[in-house]
Amino acid sequence: MTELLQHTLAIIDTERPYFADSFELVDQLLATYGENDLANRLYVDISEAVSWEIVVDLFNILLWSTSDNGHALTQLTDEWLRNGTDLRRIMIALHMDSFPFRNKAEMEQVLSELAIRHPTVHGRCYELIAAWSAISE
């Protein structure tokens, strides 16, 4: 893990939930890493000792900081949910500040399957399904 990434994650952890300096550090990360496959490269570089909640906060800041407004990041986390094997990645994807998937039917199918396979995320999956249903009514 690079010193900049480690410092950024530490600042995110101390600033939660009001990220003043974190945005500037994330901008530095973007300048260092570039946006190409950013989330995957960051995820690989982040130690598993770093809580998934801090990684979620980093990714949520990236939603606001990338030139595509987090589109590539959202597509990647949706793929993590479709894959459905890595619980840490699933936890991150389920707690992003964006709804997974653009298609409600696909979201319901994928999240229902995840809820069955991973009881740890059962509540969060059905919380997201209910929230999407409330919005679309």
Does [X] reach the side chain of [Y], with side-chain heavy atoms less than 4.5 Å apart?
| X | Y | answer |
| --- | --- | --- |
| E79 | R82 | yes |
| P100 | V110 | no |
| I90 | N83 | no |
| D86 | Y43 | yes |
| E113 | C125 | no |
| F59 | V55 | yes |
| I46 | L9 | yes |
| W132 | E108 | no |

Do any N or O atoms from the side chain of [X] and from the backbone of [Y] form a donor-acceptor pair under 3.5 angstrom?
| X | Y | answer |
| --- | --- | --- |
| R124 | L94 | yes |
| S112 | Q109 | no |
| R41 | Y33 | yes |
| R117 | G84 | yes |
| E15 | A20 | yes |
| N60 | D97 | yes |
| E106 | F101 | no |

Once rounded to the nearest 0.5 Å, what's the spacing between atom [atom1] of [X] and atom [atom2] of [Y]?
| X | Y | atom1 | atom2 | answer |
| --- | --- | --- | --- | --- |
| M96 | T74 | CE | OG1 | 5.5 Å |
| I12 | D21 | CD1 | CG | 11.0 Å |
| E3 | T8 | CD | OG1 | 10.0 Å |
| L114 | T120 | CG | OG1 | 11.5 Å |
| S65 | L29 | OG | CG | 9.5 Å |
| I11 | L58 | CD1 | CG | 13.0 Å |

> Would V50 and D13 count as a side-chain contact (heavy atoms from CB on, under 4.5 Å) if you check the C-alpha gap in whole Å, the side-chain angles of each, and the deciding distance to 0.1 Å?
Replying inline: CA-CA 10 Å; V50 175; D13 189 32; over 6 Å; no
> Sequence neighbours excluded, which residues qualify as side-chain contact (heavy atoms from CB on, under 4.5 Å) partners of Q28?
Replying inline: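 L4, E24, L25.
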> Who pairs with T66 by side-chain contact (heavy atoms from CB on, under 4.5 Å), at least two apart in sequence or on another chain?
Replying inline: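 With sequence neighbours excluded, T66 shows a side-chain contact (heavy atoms from CB on, under 4.5 Å) to L30, E35, L38, L62, D68, given in chain and number order.
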> After noting the C-alpha distance and the side-chain angles of L81 and L111, does the key distance pass the side-chain contact (heavy atoms from CB on, under 4.5 Å) rule?
Replying inline: CA-CA 8 Å; L81 294 173; L111 295 187; 4.3 Å; yes
> Using 30° and 60° as the class limits, which term best fits the ring planes of W52 and H95: parallel, tilted or perpendicular?
Replying inline: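 W52 and H95: tilted rings.
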>> Taking salt bridge (Lys or Arg N to Asp or Glu O under 4.0 Å) as the cut-off, I'd like each qualifying pair that reaches into residues 54-66, sequence neighbours left out, listed once.
In response: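 Every salt bridge (Lys or Arg N to Asp or Glu O under 4.0 Å) pair that includes a residue of residues 54-66, provided the two are not neighbours, is R16-D57.
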> Given the rule in the side-chain contact (heavy atoms from CB on, under 4.5 Å) test, do W80 and T77 qualify, once you have shown the distances and angles that lead to the verdict?
Replying inline: CA-CA 5 Å; W80 290 356; T77 56; 4.0 Å; yes
> Quick one: are the ring centres of W64 and F19 less than 6.0 Å apart?
Replying inline: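 No, too far apart.
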>> Pair V121, L87 - check side-chain contact (heavy atoms from CB on, under 4.5 Å), show working.
In response: CA-CA 9 Å; V121 299; L87 187 57; 3.9 Å; yes
